[in-house]
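Following: one structure in structure tokens, then a few remarks.
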2 protein chains.
Amino acid sequence: MPDQEIIADIRQFNRFYTAQLGLLQQHIFDSEYSLTEVRALYEIHFNKQTTATGIREALHIDAGYLSRILRKLEKAGMVLKHPLPEDGRSSYLTLSDRGRRLMVKMGTLSDDQIRDMLSHLPPNDHQTIAASMRELRRLLGAPGSGITMEQVEIRSDIRPGDIGDIIALHGQLYAKEYGYDHRFEHYVMETIHDYMVHADPRRDRLWLATSLGRLVGVVAIQHREGRQAQLRWFLIRPEYRGIGLGKALMQQAMDFCRAQRFRKIYLLTTDQQSAAAALYKKWGFVKKESTPASLWGHDLYEERYELEL
Amino acid sequence: MPDQEIIADIRQFNRFYTAQLGLLQQHIFDSEYSLTEVRALYEIHFNKQTTATGIREALHIDAGYLSRILRKLEKAGMVLKHPLPEDGRSSYLTLSDRGRRLMVKMGTLSDDQIRDMLSHLPPNDHQTIAASMRELRRLLGAPGSGITMEQVEIRSDIRPGDIGDIIALHGQLYAKEYGYDHRFEHYVMETIHDYMVHADPRRDRLWLATSLGRLVGVVAIQHREGRQAQLRWFLIRPEYRGIGLGKALMQQAMDFCRAQRFRKIYLLTTDQQSAAAALYKKWGFVKKESTPASLWGHDLYEERYELEL
DNA sequence: TGCCGTTATTTGCTTCCGTCAACTAAACTA
DNA sequence: TAGTTTAGTTGACGGAAGCAAATAACGGCA
């Protein structure tokens, strides 16, 4: 049973955004096509092979109405019909060159409108606005809003807020996924503190994966005695797992270790992080030690993995 | 010049949300009023004293069209006109009892629709969806979306992620507002570490102000030798300043200090935090020391404020 | 005070968006 | 092969929504 307050928020947003969209779609009134016609054009543009029924379902409009729209667009030379070989009733719909040019023009107008809207808002907020919209689209289950590597940026310069974010990410995720208590976050804080105090830019490095300005993944290499290196704080937000981010981060760390001529990499984990363990093994890490311990409110085995380079 | 990618995100969201709103507003098609008529009713409902022009501007519709809508609604007994004494041309518009009943009915239908939509989405996301929508409304400058104390919750239990968030907030804000470099964030981390290690629930406490699940403000009291207390990490996100949050946090800290019978409270700051200093003074703190120092990439004066209880 | 430009609202006219229902034709089903 | 379902077309219609001209009240000004 959703909270009444949540519903109120959504309703308020809907009312607000109805007005907003009305403003942003005014440019369409200047064109010779109605909003629905333009929406149909968009639909044809973005779906490579779609039929009238496909569009009808996407736009939720009357079949007769759509039929007329398509006739008009076809007559105007914007849309081409390609009869389906396997079904004489339907046709694939595509845009003609002219239709594509129209889309570009409408896109430009729409962009101008949005640019104009943004110009009245603080520039600092632009990125946040886009991020919130993406987030909403994803949360509401919009098709094509899935998370991909393209949105993710990996960097290794440490900026203000990064350290705290890394600590918070560990605290949150390990609490949610393994039920570790606050002592774990505290432990992470201590290890990061240690890292920062002894950091040597040539032998230590930390990579941050961010998406829409938010921290979504981390890994670091910390130098140790005897040309050894420790791999630390390897962590990825659950939504961003399975898209190759783990591999990308690990690759960065490995490349760095090879370039710095480390002799051996080791890492410490527990038997509970089985998914991570699988990944370590894939990169050639081998479990060398496993000692029982009672940590952060759990009885577990501390494990040490090693990889000779 | 806004980034092209931001505009693309916004356009994509607009297209998506146009469809979404279409779905959510279908219940209106069952009623005997059009979407615009219902929007007018809403506008009358929520604005206590508005005239036709007010509504026209809010909905961005033609004056003639609105005139007809109002006549229809008045004839149906939904809307009442109260002639303005000072302007014979206009009238205040209000809803009749019947109009209000209609709004309740429409509201219920709309709620059901949203509830239905939410039921197809993971329950964990509901809160996040509402938060994103609020955020967007605020960012896009929706009227009535301003930040108020009502949305802010103050708590003093430390949850996973809190510690990291506090550190990150300090790092980000002090970098942005005073240009402090990463050493400041590091320093905050050390002090929090010290706090956590020596924390005694009876004599130490930390308050977090959150809004929509995000950390927006902090303050803490740490016990010291001789029944003294140190006030630490007093910080509020700039958007949340000026709404009384500083006062609320400070009040919590003061109440705690009095209840615990501390003899004296002191705090350390610099001459650069002039806004905070003004607040401290208002609460009776007095500057006792001011020593030049070179910290976090700046030449400044470290200051010590004290308050005898 | 009366004249004039401005503003708020109304009315007449028109367009065309979007729905309903009946229809055609092709595809499936038994 | 007849009956049913599905994809798309067409005719008829209501009403949403804009434009322009009209009306009426206001405000300023000589």
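The structure presented is a predicted model; accordingly, all values stated were derived computationally and were not measured. In what follows, chains are A, B, ... by sequence order, proteins preceding strands, each numbered from 1.
- Ion pairing between a basic and an acidic side chain is recognised when a charged N comes within 4.0 Å of a carboxylate O; A:E5 and B:R134 show such pairing.
- The residues B:R71 and B:E74 are annotated as not salt-bridged, no charged nitrogen and carboxylate oxygen being separated by less than 4.0 angstrom.
- Counting only heavy atoms from C-beta on, A:S34 has its side chain closest to C:dC17 among D:dG18, D:dA16, C:dC17.
- Across the protein-nucleic acid pair, B:L35 atom CG and D:dA16 atom P stand 11 Å apart, rounded to whole Å.
- Distance B:I55 CD1 to C:dT10 P: 11 Å, rounded to the nearest Å.
- Between the CD1 atom of A:I61 and the P atom of D:dG8 there is a distance of 12 Å, given to the nearest Å.
- Atom CD in A:E32 sits roughly 11 Å away from atom P in C:dC16 (whole-Å rounding).
- Taking A:Y92 as the reference, nothing meets the ring pair (Phe, Tyr, Trp, His ring centres under 6.0 Å) condition, with sequence neighbours excluded.
- Counting any heavy atom pair closer than 4.0 Å across all strands shown, A:S67 reaches a base atom.
- Mapping B:L70 and A:E37 onto DNA chain C by nearest heavy atom places B:L70 at the nucleotide closer to the 5' end.
- Not one N or O on the side chain of A:Q113 forms a donor-acceptor pair closer than 3.5 Å with the backbone of A:T108.
- Distances shorter than 4.0 Å separate none of the side-chain N or O atoms of B:S91 from OP1 or OP2 on C:dT9.
- Dashed line: the shortest gap from a side-chain N or O of B:S90 to OP1 or OP2 of C:dT9 is under 4.0 Å.
- With rounding to whole Å, A:E74 atom CD is found 13 Å from D:dT9 atom C1'.
- When atom types are taken as modelled, the side chain of B:R241 and the backbone of B:I236 share a donor-acceptor pair closer than 3.5 angstrom.
- Straight-line distance from the CG atom of A:L93 to the C1' atom of D:dG8: 11 Å, rounded to whole Å.
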Readout for nucleotides 19-26 of chain D: B = base within 4.0 Å of protein heavy atom, S = sugar-phosphate only, - = neither; 5' to 3' it is B-----BS
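- Between B:E239 and B:R214 there is a salt bridge, since a side-chain N of the basic residue sits under 4.0 Å from a carboxylate O of the acidic one.
- Heavy atoms of B:K81 sit under 4.0 angstrom from primed sugar atoms or phosphate atoms, though from no base atom.
- Across the interface with DNA chain C, nearest-nucleotide mapping of B:T51 and A:I69 shows B:T51 to be the residue nearer the 5′ end.
- Between the CG atom of A:L66 and the P atom of C:dT19 there is a distance of 11 Å, rounded to whole Å.
- Note that B:R15 lies in the cation-pi zone of A:Y42, set by a 6.0 Å cut-off to the ring centre and a 45° limit from the axis.
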